[in-house]
Amino acid sequence: MDVDHKLAFTNIRNFLAGRMLGATRDQSLLEEVMKCLFALKIMRRRKEKLPRDPLKLAAAYRTALQGVHIPFAETDQLLLDPASIQFVHEQFSKLDVFNADRDPVGDLYEAFIGSSIRGSDGQFFTPLNAVDWLTNAVGLQRGEKLIDPACGAGGFLISAAKLDLGLELYGIEKDSYLADLARARLQVLDYKHEVYCGNSLTLRQNGSGSLKNLLGQFDVVLANPPFGKNIRSLDGREQSEFDLGYRWKKSSGELVRSDELLPNVPPQVFFVERIMSLLKDGGRAGIVVPESLLCGKSYAPVVQYIRKNAAIKAVVGMPEALFKHSGKGGTHTKTCLLVFTKGARPSKVYMAEAAWCGHDSRGRKIDRDDLPTIRKEFSKVARANAKSDPQLEFGYLVPAKEVENNILAPRYHEPTAQKVAGHLISSHELVSIGELVTAGDLEIRSGNEVGKLAYGSGTIPFVRTSDLSGWEIKPDPKHLVSEEVYERLKVSQDIQRGDVLMVRDGTYLIGTCAYVTQHDERIVYQSHILKIRCLRSERINSFLLLAILSSEPVQQQIKAKTFTQDIINSLGNRLGEIILPIPRAPEVRAEISELVEKVIGDRIEARELSRVARRIVADPTYLSVRRAPRAQSIARLA
């Protein structure tokens, strides 16, 4: 019977929490369940026939653990009573736990400990399909030396060991409990290993001892390093030993390291440099990184560092659901799978964007998973002759020299938008927004934040991203600010009829546009919104601009150039790169403009009439004006 692993493990946890004497802490309960897991593995390896009687079954479990040291547990003895052992055994048997599609240890840890302990440290278990993808992508060879410098409970090490290539497996983990857990997993599965409890960045073992002898020793690094902008991983002296710990400044077209240390460098930056230093020349790395590391302006030195020291082989974007393991647990941080070879000559980079990862945003298993298809395609690319590119249906190959602005996010290089715009070249002028700004056709400004204390202080609409919909600004915004706030920002915001507002930052609304009517000029708009003004109507006017910005070719480009910046999606300063297809024929431009103007006019009238209807309900003077022409009635009551 197919049983959901996480649900079964949660049932085990709940059963033991209500029954086990002397231990109610989840960590203690997890230790006992892991002992059962290891005992069952030992008994299966010995091909023992297990009795059904609870007392005899419990005795068999305890006997299997005799003489076996369990590194992560306070005692090697199994403390569960016979009924509890029987319940755990029955659940394991239903799951076929050692032939599962998922990592049972990872799921057990999630069920018992959850994300509360590790989330604050930037640690999340990597889903098994992503682990296996990277393990396959680095092309492991028999007898190679592999390390995971942030090994957690050993997921990557187990995945590599299952290939049965006689690998030398090493791991480093700063959390002593997880380091012990990784040792225990590898030990009970009889895999040769060396797991250090220590700090990969400082290369010090917990207690004493140096790990510097590991530098430059490995054929392969597999890792999901901890990430998070608020995590402080090194002090100033330790940070000074990393090139990426310094501020980098542009000089002669490239970034050059200065002598000034950066404040608050997140751990994923240091781990990139440490991973490179652990590899031999020609060594390969397969790592999980947040997408922001590969596209954020502040992380450009990191991408340049990778490109100068290695050949990037693959970058695969993951859906935001990848690290969601339950409704509230996990993180929505968008990540990428990155593969590179140290010291190799760069050629072409395989890129792809996975829409599905085998589970949804609540951690529930689903049938849709793009990783197997992407895995086959990348294998085809790796086997292909360097002189000819294989036919690809899912991903695409990007020449290394075309990776501009140190942006490696796959969707930035996705070719569909360019293809869509390309077929319009004969009938349209294809011009970037940046070129239109430089030519004086457009002017772009961003809004301001007023702070929550200003909300509700007056009657001036404070327009946020959610207030833009269907080309219009919602007539009843959620937040209103004071006349004082409006007067303070009126000159800098400079809102006029005919301006176009567009969402730049957010989750799902980026690219949404609205037209500023005569009824919307007294507003304040927030910093996540851009104001675009047409300065010269000969080439493009506001109505035409609104239609073009909302068209499929432009919206596809906006989607491709929108990246996750820590916890929020943003188009950033890449708006200038968007190519606008402007019809060459004046009559076509005029017809589009007239259509949009009519739509806007009709919506304004409908909106104002709805306001009139609401006013009529409580207006005792309505009888005296109702026979007047409709326009006069609106003017009288609006």
Side-chain angles (χ1 to χ4, degrees), residues 25-35 37-38 41 65 68-76 103-110 112-126 128 131 135 145-161 167-215 217-218 220-228 231 233-234 238 267-268 270-271 274-275 278 287-288:
R25 292 185 304 117
D26 282 335
Q27 184 169 316
S28 299
L29 299 178
L30 174 62
E31 290 178 5
E32 296 306 308
V33 179
M34 291 300 296
K35 290 175 188 176
L37 181 66
F38 296 147
K41 182 67 178 181
L65 290 177
V68 177
H69 175 57
I70 310 296
F72 67 90
E74 294 182 6
T75 173
D76 297 335
D103 177 5
V105 173
D107 285 345
L108 274 172
Y109 193 75
E110 294 288 0
F112 280 78
I113 306 299
S115 62
S116 58
I117 292 178
R118 295 167 297 102
S120 59
D121 294 328
Q123 300 175 349
F124 294 94
F125 273 109
T126 315
L128 189 59
V131 170
T135 303
K145 202 170 181 180
L146 178 152
I147 189 169
D148 180 349
C151 71
F156 278 107
L157 301 179
I158 292 294
S159 176
L167 302 170
E168 293 185 49
L169 302 173
Y170 291 77
I172 305 174
E173 172 55 49
K174 68 176 183 177
D175 185 300
S176 60
Y177 183 80
L178 289 178
D180 284 342
L181 192 55
R183 291 191 194 101
R185 292 179 69 190
L186 292 162
Q187 174 182 316
V188 78
L189 297 174
D190 292 331
Y191 295 139
K192 183 180 179 182
H193 67 278
E194 186 69 64
V195 176
Y196 304 98
C197 182
N199 188 321
S200 293
L201 300 181
T202 62
L203 294 175
R204 290 195 299 267
Q205 293 193 62
N206 286 7
S208 61
S210 173
L211 297 173
K212 290 185 178 181
N213 61 307
L214 300 178
L215 293 175
Q217 297 299 307
F218 294 92
V220 175
V221 173
L222 290 172
N224 173 18
F227 49 82
I231 301 173
S233 50
L234 297 174
E238 295 164 341
Q268 61 265 28
F270 295 126
F271 264 96
R274 174 58 68 228
I275 286 168
L278 289 167
I287 61 177
V288 183

Shortest non-hydrogen separation from [X] to [Y] and the atoms involved:
X: Ser176; Y: Cys197; answer: CA-SG, 3.5 Å
X: Ile172; Y: Leu214; answer: CD1-CD1, 3.9 Å
X: Pro149; Y: Val221; answer: CD-CG1, 3.7 Å
X: Cys151; Y: Val195; answer: SG-CG1, 4.1 Å
X: Thr135; Y: Ser159; answer: OG1-OG, 3.1 Å

Exercise. For Tyr191, check ring-ring contact (aromatic ring centres under 6.0 Å, His included) against everything at least two apart and list the hits.
Key: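 ring-ring contact (aromatic ring centres under 6.0 Å, His included) list for Tyr191, sorted by chain: empty.
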Practice problem: Please identify each residue that fulfils ring-ring contact (aromatic ring centres under 6.0 Å, His included) with Tyr196, with sequence neighbours left out. | Solution: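 Expected list: none.
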Beyond-backbone contact of [X] with [Y], side-chain heavy atoms, under 4.5 angstrom:
X: Phe112; Y: Val33; answer: yes
X: Arg185; Y: Ile158; answer: yes
X: Tyr170; Y: Leu278; answer: no
X: Leu167; Y: Val220; answer: no
X: Leu146; Y: Leu157; answer: yes
X: Leu201; Y: Lys174; answer: no

Sequence neighbours excluded, which residues qualify as side chain to side chain contact (heavy atoms under 4.5 Å, CB included) partners of [X]?
X: Asp76; answer: His69, Ile70
X: Glu238; answer: Thr202, Arg204, Leu234, Asp235
X: Ala150; answer: Asp148, Pro226, Phe271

Quiz item: Is it the case that more than 12 heavy atoms not belonging to Gln217 sit under 6.0 Å from its CD atom?
Solution: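 Enclosed.
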Practice problem: Kindly write out the residues that satisfy side-chain hydrogen bond (donor to acceptor under 3.5 Å, both in side chains) with Asp180, not counting sequence neighbours, or none if the list is empty. | Solution: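 Result, side-chain hydrogen bond (donor to acceptor under 3.5 Å, both in side chains) vs Asp180: Arg183.
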Quiz item: Of all residues at least two apart in sequence or in a different chain, which pass the side-chain hydrogen bond (donor to acceptor under 3.5 Å, both in side chains) check with Ser200?
Solution: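 For Ser200 there are no side-chain hydrogen bond (donor to acceptor under 3.5 Å, both in side chains) partners, ignoring immediate neighbours.
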Exercise. Measure the spacing between CG of Leu222 and OG1 of Thr126 and express it to the nearest 0.5 Å.
Key: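 Reported to 0.5 Å precision, the distance equals 10.5 Å.
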Practice problem: Calculate, to the nearest 0.5 Å, the distance between atoms CD1 and CD1 belonging to Ile287 and Ile275 respectively. | Solution: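 With rounding to 0.5 Å, CD1 (Ile287) is 4.0 Å from CD1 (Ile275).
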Practice problem: For the pair Glu173 (side chain) and Gly152 (backbone), establish whether a donor and an acceptor sit closer than 3.5 Å, ignoring hydrogens and angles. | Solution: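 Yes; judged by distance alone, with no hydrogens or angles, the pair exists.
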Quiz item: Would a distance-only check, ignoring hydrogens and angles, find a side-chain to backbone donor-acceptor pair under 3.5 Å from Lys35 to Thr75?
Solution: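 A pair under 3.5 Å: yes.
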Exercise. Sorted by first residue and then second, give each salt bridge (Lys or Arg N to Asp or Glu O under 4.0 Å) pair with at least one member in residues 191-203; sequence neighbours left out.
Key: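 For residues 191-203: none.
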Self-check item: Working for side-chain contact (heavy atoms from CB on, under 4.5 Å), residues Leu215 and Arg274
Solution: CA-CA 9 Å; Leu215 293 175; Arg274 174 58 68 228; 3.7 Å; yes
Exercise. Under the salt bridge (charged side-chain N to carboxylate O under 4.0 Å, His left out) rule, collect the residues that match up with Glu168, sequence neighbours excluded.
Key: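 Glu168 satisfies salt bridge (charged side-chain N to carboxylate O under 4.0 Å, His left out) with no other residue.
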